[in-house]
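Fair warning: this is a prediction, and the values are worked out from it, not measured in the lab.
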Amino acid sequence: MTDQPPTQPDTPDSAGIWMLVRQHPAVLRRSTQELATALAAAHGPRFALWHTDELLFGVRDGRLTLHTLGGTDLPAPEVVCVRQVAGPMHTDREVTLLRHLERMGSTLINSLDAQLKCRNKIWQLQELALAGLPVPDTLSYATAPLEGVVRSPHLATPCVVKSVNGAKGTRVFLAPDPHLLRDVAGSLTHDTPFLFQQHIAHSHGRTLRVVVVDGEPVEAVLHTSRHHTLAANIANGAAAALCTGHHPRAEQLAVQAAAALGLAIAGVDLLFTSPDTYTVCEVNAVPGWRPEMKAVTPAITACITRHLTARPRTTAHHP
């Protein structure tokens, strides 16, 4: 993409809509750039893109404050489109900034509560299961010794092993039998827990991604791994084929999953349990999308505009 979205408004007071992305030197995903360009075209000087390392926040004279590294005070934006991937967020860093913006009165899309639910794959499963939606059988732990976890009588193999906050198919593998699982247990990192999940054999190497915006399935794409590997992530070389409207039951399940997690914008990954039944693999609060998925950017742009116009006209930017 050649069009570059603005990184800062000409006058800070004019920016009512922000896009918030991770710190420099982050290279924006194509879909994020596409969306930023569309928002800039729709809202002109009211739109600004900020990286998390360009902002300072705190309390002064009993009021919440927000300003640039150079000291320029910033009013809280009315709406923030969050494009900071939820999984790698740190509670004392990005999450604190999002919380500060919400406390200053900004509307976050998606909300901090929804972001937090998506940040941890177990948190997701908790909400989805309580909503009565189909999810794979899963086992995880808090501080139990990992070597003991893999010997649990409730852990069946083959199973999918993945980090509770991994992204783009990283730290995911298939353990075909208990012997391999026990062999690798000592090699898994202890900084972040892992989950052990039922292997859905019918969907091995295939994932259906549905993008949901404001309760509507906007686009769907089938991801298929190459060489019959487990993960069907585009970042790992998977093929993609548009299939919007081909799997209506899956699209409806995706809408229900997004609603269960409180997401206005979601990328819902579904697994095939049979040719026409599905289970929820995971839900992304900051989804990417393929260039050929032409309906997504206009849908998200319209969603953000709706949230902006829904705010009371008397809302002040300052706390």
Side-chain angles (χ1 to χ4, degrees), residues 17-23 26 28-29 31-32 35-36 39 49-55 57 64 66 76-131 133 135 140 162-168 170 192-193 195 209-215 218 254-269 280-289 296 299-301 303-304 306-308 310-311:
I17 300 174
W18 283 12
M19 176 178 285
L20 187 64
V21 299
R22 60 194 179 94
Q23 75 272 18
L28 299 186
R29 288 192 290 180
S31 51
T32 297
L35 179 57
L39 289 171
L49 186 151
W50 290 94
H51 293 258
T52 55
D53 59 356
E54 296 176 312
L55 300 167
F57 50 91
L64 302 186
L66 183 67
E78 295 177 77
V79 176
V80 181
C81 177
V82 181
R83 295 293 294 178
Q84 163 73 46
V85 177
M89 284 183 182
H90 294 278
T91 299
D92 294 329
R93 296 179 184 273
E94 297 89 356
V95 171
T96 301
L97 172 58
L98 294 180
R99 190 176 190 277
H100 197 84
L101 290 169
E102 279 197 335
R103 292 304 187 273
M104 290 186 75
S106 299
T107 297
L108 269 56
I109 305 175
N110 289 296
S111 70
L112 177 56
D113 180 67
Q115 296 276 348
L116 290 175
K117 289 175 182 175
C118 288
R119 180 169 168 255
N120 183 302
K121 299 182 194 303
I122 293 292
W123 288 30
Q124 291 186 27
L125 292 171
Q126 291 166 345
E127 300 298 325
L128 295 169
L130 288 173
L133 302 182
V135 294
S140 191
K162 52 184 167 182
S163 168
V164 298
N165 65 3
K168 298 183 179 180
T170 60
T192 302
L195 60 83
R209 160 66 65 91
V210 181
V211 178
V212 177
V213 181
D214 270 350
V218 176
V255 169
Q256 294 172 324
L261 292 166
L263 294 165
I265 301 166
V268 184
D269 292 338
V280 182
C281 177
E282 61 183 66
V283 184
N284 299 278
V286 185
W289 55 90
V296 177
I300 295 178
T301 303
C303 168
I304 291 170
R306 282 192 294 272
H307 281 271
L308 179 66
R311 288 172 60 90

Novice: Can you see which heavy atom on L263 is nearest to which on C118, and at what distance?
Specialist: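 Taking L263 first and C118 second, the nearest heavy atoms are CD1-SG, 3.6 Å.
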
Novice: Salt bridge (charged side-chain N to carboxylate O under 4.0 Å, His left out) with D53: which residues, sequence neighbours excluded?
Specialist: none

Novice: Under a 3.5 Å distance rule, please check whether Q115 uses its side chain to pair with a backbone N or O of S111 as donor and acceptor.
Specialist: no

Novice: Is there a side chain to side chain contact (heavy atoms under 4.5 Å, CB included) between R103 and L64? Walk through the geometry before answering.
Specialist: CA-CA 8 Å; R103 292 304 187 273; L64 302 186; 3.7 Å; yes

Novice: Apply side chain to side chain contact (heavy atoms under 4.5 Å, CB included) to residues L98 and M89 and explain how you reach the verdict.
Specialist: CA-CA 10 Å; L98 294 180; M89 284 183 182; 3.6 Å; yes

Novice: Under the rule for salt bridge (charged side-chain N to carboxylate O under 4.0 Å, His left out), what residues qualify as partners of R83, not counting sequence neighbours?
Specialist: none

Novice: Taking atom CG of L308 and atom SG of C303, what is their separation to the nearest 0.5 Å?
Specialist: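 The distance works out to 11.5 Å.
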
Novice: Which distance, rounded to the nearest 0.5 Å, do you find between the OG1 of T96 and the CG of L112?
Specialist: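 Answer for the OG1-CG pair, T96 versus L112, is 9.0 Å.
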
Novice: Could you go through the side chain to side chain contact (heavy atoms under 4.5 Å, CB included) check for I109 and V80 one step at a time?
Specialist: CA-CA 6 Å; I109 305 175; V80 181; over 6 Å; no

Novice: At what distance, to the nearest 0.5 angstrom, does CZ of F57 lie from CG of L97?
Specialist: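 So the gap between those two atoms works out to 5.0 Å.
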
Novice: Quick check: do V164 and S140 have side-chain heavy atoms less than 4.5 Å from each other?
Specialist: yes

Novice: Got R209 and N284 here, is their nearest side-chain heavy-atom distance under 4.5 Å?
Specialist: yes

Novice: So which atom in E94 and which in Q23 form the shortest heavy-atom distance, rounded to 0.1 Å?
Specialist: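 Between these two residues, the closest heavy atoms are OE2-OE1, 4.1 Å.
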
Novice: Can you sort out the partners of E282 under salt bridge (charged side-chain N to carboxylate O under 4.0 Å, His left out), two or more places apart, ordered by chain and number?
Specialist: K121, K162

Novice: Would you compute the distance between atom NE2 of H51 and atom CE of M19 and round it to the nearest 0.5 angstrom?
Specialist: 10.5 Å

Novice: Decide yes or no on side chain to side chain contact (heavy atoms under 4.5 Å, CB included) for V218 and V212, but give the supporting numbers first.
Specialist: CA-CA 6 Å; V218 176; V212 177; over 6 Å; no

Novice: Could you tell me whether the side chains of T91 and R99 share a donor-acceptor contact shorter than 3.5 Å?
Specialist: no

Novice: Report yes if the side chains of V95 and L116 come closer than 4.5 Å at any heavy-atom pair, otherwise no.
Specialist: yes

Novice: Could you tell me whether the side chain of T52 and the main chain of R22 form a donor-acceptor pair under 3.5 Å?
Specialist: no

Novice: Do you know which two heavy atoms are closest between A129 and V135, and how far apart they sit?
Specialist: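 Between these two residues, the closest heavy atoms are CB-CG2, 4.4 Å.
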
Novice: Does S163 form a side chain to side chain donor-acceptor pair (under 3.5 Å) with N165? I'd like the steps, not just the answer.
Specialist: CA-CA 5 Å; S163 168; N165 65 3; 3.0 Å; yes

Novice: Without swapping roles, check the side chain of N110 against the backbone of A285 for a donor-acceptor pair under 3.5 Å.
Specialist: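 Pair found, side chain donor or acceptor close to backbone of A285.
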
Novice: Looking at every heavy atom in both W18 and L55, which two are closest together, and how far apart are they?
Specialist: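 That closest heavy-atom pairing would be CZ3-CD1, 3.8 Å.
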
Novice: Do V286 and Q84 have side chains that approach each other closer than 4.5 Å (heavy atoms only, starting at C-beta)?
Specialist: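 Of all side-chain heavy-atom pairs linking Q84 with V286, none is under 4.5 Å.
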
Novice: Using side-chain heavy atoms (C-beta onward) and a distance below 4.5 Å, is W123 in contact with L128?
Specialist: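 SC-SC contact between W123 and L128 ruled out.
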
Novice: Can you name the nearest heavy-atom pair linking S106 to R311, along with the distance?
Specialist: C-NH1, 4.0 Å

Novice: First locate atom CG of L20, then atom SG of C81, and finally report the distance between them rounded to the nearest 0.5 Å.
Specialist: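 With rounding to 0.5 Å, CG (L20) is 9.5 Å from SG (C81).
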
Novice: Roughly how far, to the nearest 0.5 Å, is CG of L66 from CG of L101?
Specialist: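 These two atoms lie 6.0 Å from each other.
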
Novice: Determine the minimum heavy-atom distance between L261 and E127, stating which atoms define it.
Specialist: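 That closest heavy-atom pairing would be CD2-CB, 3.7 Å.
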
Novice: Side-chain contact test, heavy atoms from C-beta onward, threshold under 4.5 Å: evaluate it for V296 versus L35 and give yes or no.
Specialist: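 Counting from C-beta outward, V296 and L35 never come under 4.5 Å.
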
